[in-house]
2 protein chains.
Amino acid sequence: MGRRKSFNESEVLNKMSMVFIQYGFEGTSLDLLVNATGLLRGSLYAAFGSKLGMFIAALKENINHRKDSFGTTYLVIIAMMELVSTNVEVKQIVLNWYHTKPQADIELTLGRALLNKSGLLGGIDDGKQS
Amino acid sequence: MGRRKSFNESEVLNKMSMVFIQYGFEGTSLDLLVNATGLLRGSLYAAFGSKLGMFIAALKENINHRKDSFGTTYLVIIAMMELVSTNVEVKQIVLNWYHTKPQADIELTLGRALLNKSGLLGGIDDGKQS
DNA sequence: TTTATTATTGACTATTAAGTCAAAAAACAT
DNA sequence: ATGTTTTTTGACTTAATAGTCAATAATAAA
């Protein structure tokens with residue numbers, strides 16, 4: 001009972017994922033997330049608690065529902081660069097992801113994704129998912 | 001002529017590099033750099049112009065004088081994650097670095113460094129260089 | 001010693017950030 | 001309808017940030 005959520009959580013998480021992928025965790029501001037989702041700050045905080053909560057929800061959504069997408073790998077890399085060393089919850093999530101991957105080529109996969117994401121060799125990074 | 005610099009630029013760049021490696025570019029505040037170097041904000045800005053100028057100087061110092069160190073690879077990865085897609089100068093520096101590397105195993109090297117740096121598998125990330 | 005030049009100092013400004021909350025709105029139960 | 005619960009709203013607070021600058025200090029040339 002009570003008022004219903006005005007948004008579809010999965011859709012909102014996908015929109016937030018795109019922002020996190022483009023700007024990283026620290027580089028993403030709440031204003032960017034507000035603009036991308038169309039929701040207001042209060043709604044985002046009511047739903048996810050904190051900016052970190054938003055990232056974790058987006059990361060889980062991707063790992064669970066878009067397992068082998070580039071977006072998932074990018075989010076994992078962002079987590080590794082910015083959060084794994086200081087946040088045990090994120091570390092555990094990434095560690096679980098890591099163990100579901102074929103160990104033979106995981107390092108190569110990460111390196112390739114990093115290079116891809118940076119846009120170092122290709123053209124301009126338009127921030128869109130593939 | 002005029003007053004001499006009170007610091008050795010190379011030493012200062014090494015200290016700044018350690019901070020950037022530990023916290024990333026966005027995650028590094030001027031206060032952290034001030035504490036790590038022992039210099040004051042004004043001196044850092046007089047010497048390097050901007051926070052980005054500090055990072056670029058640290059990146060160049062590492063690429064030129066510590067070519068094959070883990071620190072250099074970490075700084076390159078930070079640059080790839082946070083700056084390459086939006087800053088042509090950084091992109092060019094990283095691209096040059098990239099072309100000096102053996103192409104056969106560069107992706108694997110990047111993936112391994114990323115994993116290493118994250119501390120996902122090993123113990124706790126104490127932020128020290130190796 | 002005087003003058004020109006460059007570096008240091010650190011308080012200050014302006015901007016941006018994450019997070020809060022009281023009030024209003026929407027939905028359901030009785 | 002009335003009351004209860006949950007969500008939305010968006011202005012507000014608090015804290016942190018990058019960057020500035022006038023005053024001072026140190027150096028060397030004239």
Side-chain angles (χ1 to χ4, degrees), chain A residues 1-13 15-59 61 75 78-79 81-83 86-87 89-90 127, chain B residues 1-59 61 75 78-79 81-83 86-87 89-90:
Chain A
M1 68 166 81
R3 185 168 177 171
R4 290 175 188 150
K5 285 219 170 79
S6 69
F7 58 90
N8 175 285
E9 189 164 301
S10 174
E11 281 173 20
V12 164
L13 287 173
K15 287 172 180 167
M16 294 203 300
S17 297
M18 291 193 266
V19 179
F20 282 124
I21 287 167
Q22 180 167 10
Y23 296 99
F25 177 70
E26 294 246 28
T28 293
S29 69
L30 256 294
D31 282 351
L32 283 171
L33 293 171
V34 164
N35 289 341
T37 60
L39 301 179
L40 292 175
R41 310 166 79 72
S43 293
L44 289 175
Y45 276 97
F48 304 106
S50 65
K51 186 182 157 187
L52 180 61
M54 297 172 209
F55 181 85
I56 290 176
L59 180 62
E61 172 78 11
L75 283 172
I78 289 165
M81 288 295 291
E82 302 188 48
L83 295 167
T86 57
N87 185 281
E89 184 179 0
V90 173
Chain B
M1 68 166 79
R3 186 169 178 171
R4 290 177 187 150
K5 285 221 170 78
S6 69
F7 58 90
N8 176 285
E9 189 166 300
S10 175
E11 283 173 19
V12 165
L13 287 174
N14 283 334
K15 288 172 180 167
M16 294 204 298
S17 297
M18 290 192 268
V19 179
F20 282 125
I21 287 167
Q22 181 167 7
Y23 297 99
F25 176 71
E26 294 245 29
T28 292
S29 69
L30 257 294
D31 281 350
L32 282 171
L33 294 171
V34 164
N35 289 340
T37 59
L39 301 179
L40 293 175
R41 310 166 79 72
S43 293
L44 290 174
Y45 276 97
F48 303 105
S50 65
K51 186 182 156 187
L52 180 60
M54 297 172 209
F55 181 86
I56 290 176
L59 180 63
E61 172 78 11
L75 284 172
I78 289 164
M81 288 295 291
E82 303 188 47
L83 296 167
T86 56
N87 184 282
E89 184 179 2
V90 174

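Below, chain A is the first sequence line, B the second, and so on; all start at residue 1.
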### Min side-chain heavy-atom separation B:L83-B:L52 under 4.5 Å
yes
Whole-Å distance, B:L52 CG to D:dG19 P, equals 8 Å
Please test A:F55 against A:L33 for side chain to side chain contact (heavy atoms under 4.5 Å, CB included), starting from the C-alpha separation and ending with a verdict. CA-CA 11 Å; A:F55 181 85; A:L33 293 171; over 6 Å; no
Are any non-hydrogen side-chain atoms of A:F7 and A:L44 less than 4.5 angstrom apart?
-> no
Residues B:L75 and B:A58: closest non-hydrogen pair is CD1-O, 4.1 Å
Rounded to whole Å, the CG-C1' distance (B:L30 to D:dT20) equals 12 Å
Heavy-atom nearest nucleotide on DNA chain D taken for A:G38 and for B:F25; more 5' hit belongs to A:G38
Rounded to whole Å, CG of A:L44 lies from C1' of D:dT9 at a distance of 12 Å
Rounded to whole Å, the NZ-P distance (B:K51 to D:dA18) equals 4 Å
Could you pull out every donor-acceptor pair under 3.5 Å between side chains of residues 23-32 of chain B and any protein atom, sequence neighbours left out?
{"unit_1": "B:T28", "atom_1": "OG1", "unit_2": "B:G24", "atom_2": "O", "d": "2.6"}
{"unit_1": "B:S29", "atom_1": "OG", "unit_2": "B:L32", "atom_2": "N", "d": "3.2"}
{"unit_1": "B:D31", "atom_1": "OD1", "unit_2": "B:R41", "atom_2": "NH1", "d": "2.9"}

Contacts under 3.5 Å, N or O only, protein and nucleotides 5-8 of chain C:
{"unit_1": "C:dT6", "atom_1": "O2", "unit_2": "B:R3", "atom_2": "N", "d": "3.2"}
{"unit_1": "C:dT8", "atom_1": "OP1", "unit_2": "B:S6", "atom_2": "N", "d": "2.8"}
{"unit_1": "C:dT8", "atom_1": "OP1", "unit_2": "B:S6", "atom_2": "OG", "d": "2.7"}
{"unit_1": "C:dT8", "atom_1": "O4'", "unit_2": "B:R3", "atom_2": "NH1", "d": "3.4"}

Between CG of A:L33 and P of C:dT16 the distance, given in whole Å, is 17 Å
B:L32 CG to D:dA16 P, in whole Å, measures 12 Å
Atom OH of A:Y45 and atom P of C:dC21 are separated, to the nearest Å, by 13 Å
Rounded to whole Å, the CG-C1' distance (A:N35 to C:dA18) equals 16 Å
Among the nucleotides C:dT20, D:dT20, C:dA17, whichever has the atom closest to the side chain of A:D31 is C:dA17
Looking only at heavy atoms, the pair that brings B:E61 and B:S10 closest together is OE2-OG, 2.9 Å
